[in-house]
S.K.: 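Sending over a structure as structure tokens; questions will come in a sec.
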Amino acid sequence: MKKALTELISDSIRRCVDKGLLRSRETPPLILESPKEKYHGDYATNIALVMTAREGKPPREVARIIVSQLEDEDGVIEKMEIGGPGFINFYLKEKVWYSVLEEIGRKGEDFGKGKIGEGRRVQVEFISANPTGPLHVGHGRGAAIGDALARILEACDYRVFKEYYINDVGSQMNILGQSVFLRYLHALGKEVEFPDYCYQGDYIAEIAEKAINERGEEYLHYPQEESIQSIASFGANDILRGIQGDLDQFGVHFDGWFSEKELYREEKVPRAIEDLKKKGLVYEKDGALWLKTSHYGDEKDRVLVKANGETTYFASDVAYHKDKLDRGFEVLINIWGADHHGYVPRMKATLMAMGKDEAVLKIVLVQLVSLMRDGKPVAMSTRAGEFTTLRNVVEEVGRDAARFFFLMRRPDSQLDFDLELAKRQSAENPVYYVQYAHARICSIFREALNKGIVLPRFKDIDLHLLNLPEELDLLKHLTAYPEVVEASAITLEPHRIPFYLMELSSLFHSYYNKYRVISSEVELTQARLLLVGAIKGIIKSALDVLGISAPEKM
RNA sequence: GCGCCUGUAGCUCAGCUGGACAGAGCAACGGACUUCUAAUCCGUAGGUUGCAGGUUCGAGUCCUGCCAGGCGCGCCA
């Protein structure tokens with residue numbers, strides 16, 4: 001609808017220019033919005049205000065000219081008004097809003113799906129937590145956002161690949177190996193000291209137990225270095241299985257798991273460096289090998305290979321991102337914890353060094369989560385081993401509530417996650433508010449079924465019976481759903497969908513309390529059933545895009 | 001010291017990427033269940049958008065400088 005109206009206005013402006021009424025050859029981008037106040041119409045544009053400087057005419061005059069040339073061939077406009085300083089307000093005919101019901105009926109679950117992706121291949125990389133311990137709540141937020149974004153992009157005709165990058169190389173693996181090895185020795189009755197830098201959580205001892213059960217005393221017989229390395233992979237594998245289990249329980253499923261170790265095994269790191277060297281972007285200084293990231297906006301150059309010959313973590317990342325491109329992804333989306341924000345410029349620079357546009361790599365920074373219980377912070381330091389895992393949180397508050405809470409806020413604002421609040425099954429908890437709207441509608445349909453009410457074919461229903469202001473308002477909101485999904489995809493902001501859902505649910509609950517859907521008037525009942533059925537469908541698909549269930553009974 | 005994010009009602013947050021009088025929910029107060037689920041609804045009250053400037057027809061939104069909170073600034077991963 002919005003698009004059609006935008007067309008009409010553009011046509012009108014073109015006509016004005018042709019007729020010499022206006023002189024702007026280039027029209028600024030046309031912005032059409034839904035005014036907050038109803039008496040400002042269904043849609044409004046500020047185009048006349050924007051054009052006023054170039055036209056040398058007062059804005060209301062420009063607006064008047066545009067309105068005079070507007071040809072509404074399909075007869076969708078009820079009236080147009082020039083408001084305030086020069087807004088053009090459009091009031092649409094009621095029939096326009098009815099068409100959304102037909103569209104929802106026709107498209108079913110595809111209603112809300114857009115085309116802006118044009119089939120482009122996009123990779124969404126998220127969580128990518130080191131396999132050195134279970135996932136904690138912070139990872140949960142990243143997981144919820146990454147998964148929801150993937151679903152949103154899919155709904156907009158992107159071909160999405162969800163990937164988890166496993167950081168299974170480097171010193172943290174070594175520390176994991178040492179930590180487990182020491183617990184292993186301890187469990188076998190040896191005297192050991194457990195240093196501070198080792199991972200402290202109970203899960204380390206549990207892995208050591210498993211190692212004993214599965215491998216016995218095998219690790220005692222190798223040289224210590226070898227044992228540590230080997231027990232590190234044993235531990236990493238075990239932890240990774242745990243992470244997969246946690247994610248499974250949270251309803252997140254990846255299309256691919258990419259191992260850093262594989263990058264080295266396939267020599268992709270040296271090859272990536274070689275590639276950049278050929279472009280003259282790599283140089284040697286102080287015995288180390290550097291990438292000229294500063295040529296692409298980074299504050300300084302970065303080391304790829306240290307003076308001691310070891311490659312850096314950054315080098316792996318360079319190779320990994322090259323691999324992403326080699327696999328044919330056109331857009332790369334990385335969901336990162338905000339503590340990694342300092343790496344954004346160097347990663348963007350890397351992509352540019354590989355000859356890509358900066359916009360190919362989009363990085364969503366997710367701010368930290370503070371876990372609260374009744375307003376008091378819950379400690380969660382990994383080191384001390386007293387952290388709260390994602391698993392614990394999901395078990396305590398449930399998958400749906402956890403997801404909704406993670407998705408409710410803008411990624412770049414810090415999140416206080418209150419466990420007690422998330423558990424409460426009351427108005428304070430918006431998850432239930434939305435789900436309840438869905439369940440209520442399902443209940444209406446059960447009642448209709450009981451009473452033997454049948455929905456006739458769409459064209460046999462008299463939609464003009466839906467003429468209450470509340471009904472038109474609901475229809476307008478339904479119409480806006482595809483725009484919300486699209487905006488969400490463009491801005492990479494999933495929180496718009498929970499907010500949309502809360503608004504829609506609120507309108508429905510009001511309507512439900514004020515009027516009856518099922519009444520003795522058969523035709524009215526049928527029309528209203530059609531309306532609430534459409535609402536139900538949209539709540540369902542919006543929840544779906546968030547990875548949240550839509551229960552039929554509560 | 002430098003950089004990134006945040007600052008909006010008592011609390012938790014929206015604000016459609018510059019629009020009309022700044023919006024919800026919670027908490028507070030007062031009402032609504034013989035009728036499709038009261039996990040709901042209706043009403044009342046609540047504001048100098050951190051502060052000070054600037055840009056323009058118009059600023060919560062953009063720019064500059066402060067203030068406050070969070071997070072980063074390794075040849076660590």
Side-chain angles (χ1 to χ4, degrees), chain A residues 31 33-37 39-40 44-46 49-50 52-53 58-59 83-87 89 130 132 167 169-175 260 285-290 299-300 302-308 310-314 316-317 337-345 365 367-368 370 375 408-416 418 421 424-433 435-437 439-448 450-451 480 483-484 487 490-491 493 495-496 498-500 502-503 505-506 508-519 525 528-529 532 553-554:
Chain A
I31 295 164
E33 56 175 23
S34 317
K36 277 177 257 182
E37 305 295 338
Y39 54 82
H40 287 138
T45 179
N46 63 347
L49 289 155
V50 179
T52 184
F87 292 100
N89 299 329
N130 297 341
T132 55
N167 227 235
V169 178
S171 67
Q172 86 280 6
M173 276 297 104
N174 195 339
I175 294 172
E260 183 181 6
K285 193 183 85 180
D286 304 331
L289 214 55
W290 300 70
E299 57 178 327
K300 60 177 191 175
R302 306 292 171 180
V303 172
L304 291 165
V305 182
K306 298 187 250 179
N308 66 8
E310 287 174 18
T311 49
T312 58
Y313 174 81
F314 174 60
S316 305
D317 254 356
D339 50 343
H340 287 81
H341 74 259
Y343 299 81
V344 173
L365 293 173
Q367 292 289 337
L368 304 187
S370 317
M408 226 168 40
R409 310 240 138 81
R410 284 192 0 255
D412 55 11
S413 70
Q414 278 151 251
L415 169 64
D416 288 343
D418 197 305
L421 190 66
R424 228 165 283 165
Q425 303 197 351
S426 75
E428 291 170 71
N429 195 332
V431 195
Y432 297 106
Y433 186 79
Q435 290 182 324
Y436 187 48
R440 266 185 155 174
I441 298 173
C442 290
S443 166
I444 295 173
F445 277 94
R446 281 192 295 271
E447 179 66 17
N450 277 342
K451 295 198 168 159
E483 293 158 26
V484 174
I490 291 170
T491 56
E493 292 176 343
H495 75 278
R496 292 163 185 261
F499 274 92
Y500 172 81
M502 288 188 272
E503 255 175 69
S505 304
S506 165
F508 167 74
H509 283 309
S510 290
Y511 176 64
Y512 178 92
N513 272 276
K514 201 163 170 188
Y515 306 100
R516 289 190 56 82
V517 173
I518 298 170
S519 65
T525 300
R528 288 183 175 177
L529 279 173
V532 297
K553 276 185 190 170
M554 286 174 75

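Just so it is clear: chains get the letters A, B, ... in the order the sequence lines come, proteins before strands, and each one is counted from 1. Predicted, not measured: the structure shown is a model, and the values here were computed from it.
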S.K.: Taking only the P atom of each, what is the distance from B:G70 to B:U12 in whole angstrom?
M.R.: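 Between the two P atoms, the distance is 15 Å.
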S.K.: For the side chain of A:Arg409, starting at C-beta, report the closest nucleotide among B:C76, B:A20, B:U12.
M.R.: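 So the side chain of A:Arg409 is nearest to B:U12.
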S.K.: If you measure only the distance, is there a donor-acceptor pair under 3.5 Å linking the side chains of A:Gln172 and A:Thr132?
M.R.: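 Side chains of A:Gln172 and A:Thr132: no pair found under 3.5 Å.
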S.K.: What's the closest nucleotide to the A:Phe499 side chain, out of B:G70, B:A14, B:C57?
M.R.: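 Side chain of A:Phe499 sits closest to B:A14.
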S.K.: For the side chain of A:Glu447, counting heavy atoms from C-beta on, which of B:C36, B:G19, B:C75 is nearest?
M.R.: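 Nearest to the side chain of A:Glu447 among the choices is B:C36.
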S.K.: What's the gap between B:U55 and B:C2 when it is taken at their C1' atoms, as a whole Å value?
M.R.: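 Here B:U55 and B:C2 have their C1' atoms 27 Å from each other.
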S.K.: Using side-chain heavy atoms (C-beta onward) and a distance below 4.5 Å, is A:Phe314 in contact with A:Ser316?
M.R.: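 Side chain of A:Phe314 against side chain of A:Ser316, heavy atoms only: no contact under 4.5 Å found.
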S.K.: Starting the side chain at C-beta, find the nucleotide from B:C36, B:C71, B:A77 nearest to A:His340.
M.R.: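 Closest of the options to the side chain of A:His340: B:A77.
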S.K.: For B:U17, does the O4'-C1'-N9-C4 or O4'-C1'-N1-C2 angle fall within 90° of 0, making it syn, or is it anti?
M.R.: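 The base of B:U17 is oriented syn (glycosidic angle within 90° of 0).
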S.K.: Choosing from B:U35, B:A77, B:C4, which nucleotide comes nearest the side chain of A:Asn130?
M.R.: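 The listed nucleotide nearest to A:Asn130's side chain is B:A77.
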S.K.: Under a 90° cut-off about 0 for the syn range, is B:C33 syn or anti?
M.R.: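 Syn, angle within 90° of zero.
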S.K.: Using a heavy-atom cut-off of 4.0 Å across all strands, would you classify A:Val344 as base, sugar-phosphate, or nothing?
M.R.: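 Here A:Val344 touches no strand at all.
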S.K.: Of all the nucleotides listed (B:A77, B:C71, B:A14), which has the minimum atom distance to the side chain of A:His341?
M.R.: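 From the listed options, B:C71 comes nearest.
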S.K.: What class does the angle between the rings of A:His495 and A:Phe499 fall in, given that below 30° is parallel, 30 to 60° is tilted and above 60° is perpendicular?
M.R.: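 Rings of A:His495 and A:Phe499: perpendicular, as their planes differ by over 60°.
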S.K.: Reading 5' to 3' and counting Watson-Crick or G-U wobble pairs with both distances under 3.5 Å, write the dot-bracket notation for RNA chain B, | for bases paired outside the strand.
M.R.: (((((((..((((.....[...)))).(((((.......))))).....(((((..]....))))))))))))....
S.K.: Taking the P atom in each of B:C66 and B:U49, what is the distance between them to the nearest angstrom?
M.R.: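 Taking atom P in both B:C66 and B:U49, they lie 22 Å apart.
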S.K.: For the side chain of A:Tyr343, counting heavy atoms from C-beta on, which of B:U17, B:C73, B:C16 is nearest?
M.R.: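 Nearest to the side-chain atoms of A:Tyr343, counting from C-beta on, is B:C73.
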S.K.: Taking atom C1' in both B:A9 and B:G46, compute the distance separating them and give it to the nearest angstrom.
M.R.: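 About 6 Å, rounded to a whole number of Å.
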S.K.: Using the C1' atom in both, what is the distance from B:U48 to B:G25, to the nearest Å?
M.R.: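 My reading of the C1' atoms in B:U48 and B:G25 gives 24 Å.
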S.K.: Tell me whether the OP1 or OP2 atom of B:G70 has a side-chain N or O from A:Ser370 closer than 4.0 Å.
M.R.: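 The answer is no; no side-chain N or O of A:Ser370 sits under 4.0 Å from OP1 or OP2.
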S.K.: Are side-chain heavy atoms of A:Arg528 and A:Ile444 found at a separation under 4.5 Å?
M.R.: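 Sidechains of A:Ile444 and A:Arg528: no contact.
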